[in-house]
Every structure is written in structure tokens, then in C-alpha cells.
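See below for the structure under consideration.
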Amino acid sequence: MKITVPKHIGFIMDGNGRWAKKRLLPRSLGHREGVKALKRVIDACIDYGVEYVTVYTFSTENWNRPKKEVDALMNLIREFKDKDFKNEFNKPVRVRFIGNIDGLPDDIATAVKEVELSSKDVKDFCLVIALNYGAKDEIVHACNKMRETGVVATNENIGDYLYTAGIPDPDLIVRTGGEKRLSNFLLLQSAYAEFEFLDVLWPDMDKKDVAQIMKDYSKRERKYGRVK
Ligand code: IPE
Ligand code: IPE
Ligand code: MG
């Protein structure tokens, strides 16, 4: 079977809490295991030749979780930012963040900007980290920026005002954990994306699941409103 590789995949990494609960572990350990799955999935995507992977790490609604869990997630992000993105994955990785970065704790907001700057010249692969991200927040932010600069919105220019400016729209959105919803992830950008909902819990994701995703995607016919 001929494999068609999507240029950009978005992952809604869901199921960390349930993975931990099944093992009678604290939810924070599920998130920690989720970081390991992230590395496996990114390496597999790099090997297939995917150019952009966007991962949903923390939504604007996730602040409503218990403080202990929010703190554990922020601490994981603190650890992640210290990684050496030139050597962490199968290839050097450019990292971009999307979301309300100024709404994060100061040390994380500063680190985010440093990681983006230090990896900005990497060409082949871009990891986009959605952090304190919500599509509604993104659209409101874009509208306000357009109003401030007196720009009239068009189908063509709206993308330039989103957090994802310069990043092609995702071809495929994958959600693990069995729920079939977007939870405020890339609402505009996924206008013509394909969707894949997997029952596998995110910390269990591995290369085989990525291979299956590629096979399923290869069977899709993308029509963009046209007749083939
Ligand atoms: C997704 O896993 C990770 C984040 C939202 C940060 P969850 O923590 O939502 O896991 P479940 O859905 O409770 O299993
Ligand atoms: C979506 O998962 C957010 C992330 C994966 C970061 P949630 O677990 O927060 O979504 P809901 O609450 O089930 O819709
Ligand atoms: Mg969840």
C-alpha cells in the first residue's frame, strides 16, 4: 500500500489521567509517562517525513483542574524546556509555541521565548507546542490585533493573525483516549483536516500506532468541496 504522509499532524494527547488511574498511580505520573510517549511519537513522525507536529499540552480550560495537578503539569513543562532540542529526537527540532504565553508563570514564559529563539534556524522538522492554548482565545486575540492595526479580515489574511501564523494547517488531527471532541484545539486551522480518534491512552502510544495512523490517512480522499 502506498503511504501518503501528512505534512502536519496535530495530536490531542488525552488519557494520561486514566492511564495512571488504571495502575493506582497519581495522575501526575500519567503525565510524566505521557512525555515519554511524546518522544516515541515524534521520532516516528520524523522517520516518516512529517514536517510539523502540533501537540496539545495544556488548554486554557486546564487551569480549572486541582492546583496540585496544574503545578505538576507546569513542573513537567519546566523540565521539558531544559531539553536539548538538537539531540533529543531523531533529528534536530525547531520548537514553536502557540497559546497565551504571557498568561503562563514568568519563568516558563521566558524559557518559551528562549527555546523558540535558540531553535529557530532548524529547517526539517517543527514541533509546535500548544501551551495555555484555546482556539477561542486565539480567535479573540486575532480579532483584537486586526482591530488595533485597522486591518479588514479576509479569508486570506486571517491566518496571519492566529498564533499559528506561518505554519500550514494540519492535514490530520489525532485524539487518543477515546473521546470524540476537539476541546478547543485548532478550530479554524482544522477546517479541512482529517480526523482520527483512537482508544489507546496517550502514554501507551508507540511507533505501531503511528504506522496505523499513516495507513488510515493514506485511504482518505481529500476533496475540499470539489467533485473528484
Ligand atoms: C491529557 O490527559 C493531558 C492534559 C490534559 C494535560 P488527561 O489528564 O486529560 O487524562 P484523562 O483524560 O483524565 O485520562
Ligand atoms: C484536552 O484534553 C486538552 C489537552 C490534551 C491538553 P482534556 O482532557 O482537557 O479535554 P476534555 O476536558 O476531556 O474535553
Ligand atoms: Mg482528558
Side-chain angles (χ1 to χ4, degrees), residues 8-42 45 52-81 83 95-105 108-109 111-112 115 126-141 162-164 167 170 172-190 193-206 209-210 213:
H8 181 178
I9 309 180
F11 286 97
I12 302 175
M13 309 185 290
D14 198 23
N16 295 351
R18 279 164 283 167
W19 183 93
K21 194 175 171 197
K22 261 171 57 180
R23 291 164 177 76
L24 306 175
L25 295 169
R27 291 177 59 86
S28 60
L29 281 186
H31 297 311
R32 185 166 287 283
E33 204 60 30
V35 178
K36 295 186 196 159
L38 178 61
K39 178 167 159 48
R40 290 194 294 273
V41 169
I42 289 175
C45 288
Y52 296 83
V53 167
T54 299
V55 289
Y56 204 7
T57 58
F58 193 88
S59 75
T60 47
E61 288 74 39
N62 286 147
W63 295 109
N64 298 322
R65 294 189 175 198
K67 182 174 182 308
K68 204 171 131 201
E69 182 167 351
V70 171
D71 288 347
L73 283 164
M74 290 298 148
N75 284 334
L76 268 185
I77 291 157
R78 287 188 175 93
E79 284 176 32
F80 195 69
K81 73 167 172 37
K83 290 198 187 304
V95 185
R96 275 191 59 175
F97 289 84
I98 57 170
N100 178 8
I101 299 306
D102 295 332
L104 289 161
I108 296 182
V112 156
V115 169
C126 183
L127 170 63
V128 184
I129 301 182
L131 180 56
N132 196 16
Y133 175 88
K136 286 189 185 176
D137 165 71
E138 177 179 42
I139 293 164
V140 167
H141 178 260
L162 300 174
Y163 293 133
T164 49
I167 300 170
L172 173 66
I173 304 278
V174 178
R175 182 172 187 143
T176 60
E179 313 282 4
K180 294 180 182 63
R181 54 176 173 259
L182 284 179
S183 303
N184 209 6
F185 184 58
L186 299 181
L187 297 188
L188 272 187
Q189 296 88 337
S190 61
E194 299 294 323
F195 290 90
E196 176 102 16
F197 296 98
L198 304 175
D199 288 331
V200 53
L201 303 174
W202 178 260
D204 289 326
M205 277 288 279
D206 67 18
D209 300 298
V210 175
I213 289 167

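Every heavy atom of this structure was used, including side-chain atoms; hydrogens, water molecules and symmetry mates were not. In what follows, residues are counted from 1 in the order of the sequence shown. Remember, it's 1-based here, ligands and their atoms both numbered in the order they're listed. A quick note: this is a predicted structure, and the numbers were derived from the prediction, not measured.
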Taking the side chain as every heavy atom from C-beta outward, state whether Leu182 and Leu187 have any atom pair closer than 4.5 Å. yes

Between Ser183 and Arg175: side-chain donor-acceptor atoms closer than 3.5 Å: yes

Might you work through the side chain to side chain contact (heavy atoms under 4.5 Å, CB included) test for Asn16 and Arg27, ending with a clear yes or no? CA-CA 7 Å; Asn16 295 351; Arg27 291 177 59 86; over 6 Å; no

For the Mg ion (ligand 3), what is the number of protein N, O or S atoms at a distance under 2.8 Å? 1

Could you list each N/O atom of ligand 1 together with any protein N/O atom closer than 3.5 Å, one pair per line with the distance?
residue  : atom   : partner : partner atom : Å
ligand 1 : 2 (O)  : Asp14   : OD1          : 3.4
ligand 1 : 2 (O)  : Gly15   : N            : 3.4
ligand 1 : 2 (O)  : Asn16   : N            : 3.3
ligand 1 : 8 (O)  : Arg27   : NH2          : 2.9
ligand 1 : 8 (O)  : Arg65   : NH1          : 2.7
ligand 1 : 9 (O)  : Asp14   : OD1          : 2.9
ligand 1 : 9 (O)  : Arg65   : NH2          : 2.8
ligand 1 : 10 (O) : Gly15   : N            : 3.4
ligand 1 : 10 (O) : Asn16   : N            : 3.2
ligand 1 : 10 (O) : Gly17   : N            : 2.9
ligand 1 : 12 (O) : Asp14   : OD1          : 2.9
ligand 1 : 12 (O) : Arg18   : NH2          : 2.9
ligand 1 : 13 (O) : Arg27   : NH1          : 3.1
ligand 1 : 13 (O) : Arg27   : NH2          : 3.0
ligand 1 : 14 (O) : Gly17   : N            : 3.3
ligand 1 : 14 (O) : Arg18   : N            : 2.8
ligand 1 : 14 (O) : Arg18   : NE           : 2.7

side-chain hydrogen bond (donor to acceptor under 3.5 Å, both in side chains) between Asp14 and Tyr56, intermediate numbers included: CA-CA 9 Å; Asp14 198 23; Tyr56 204 7; over 6 Å; no

Where is the tightest heavy-atom contact between Ala37 and Met205, given as atom of each residue plus distance? CB-O, 4.1 Å

Using every non-hydrogen atom in the two residues, find where Ile173 and Pro170 come nearest and quote the distance to one decimal. CD1-CG, 3.8 Å

Decide whether His31 and Glu69 meet the rule of one side-chain donor and one side-chain acceptor closer than 3.5 Å. yes

Within this structure, what is the CH2-NZ distance for the pair Trp202 and Lys36, rounded to the nearest 0.5 Å? 14.5 Å

Closest heavy-atom pair, Ala130 versus Phe185, reported as atoms and distance to 0.1 Å, is CB-CE1, 4.2 Å

Tell me, with the steps shown, if Phe58 and Val70 meet side chain to side chain contact (heavy atoms under 4.5 Å, CB included). CA-CA 9 Å; Phe58 193 88; Val70 171; 4.2 Å; yes

List every atom of ligand 2 that sits less than 4.0 Å from any heavy atom of Arg181, numbering the atoms from 1 in the order shown and giving each element. 11 (P), 13 (O), 14 (O)

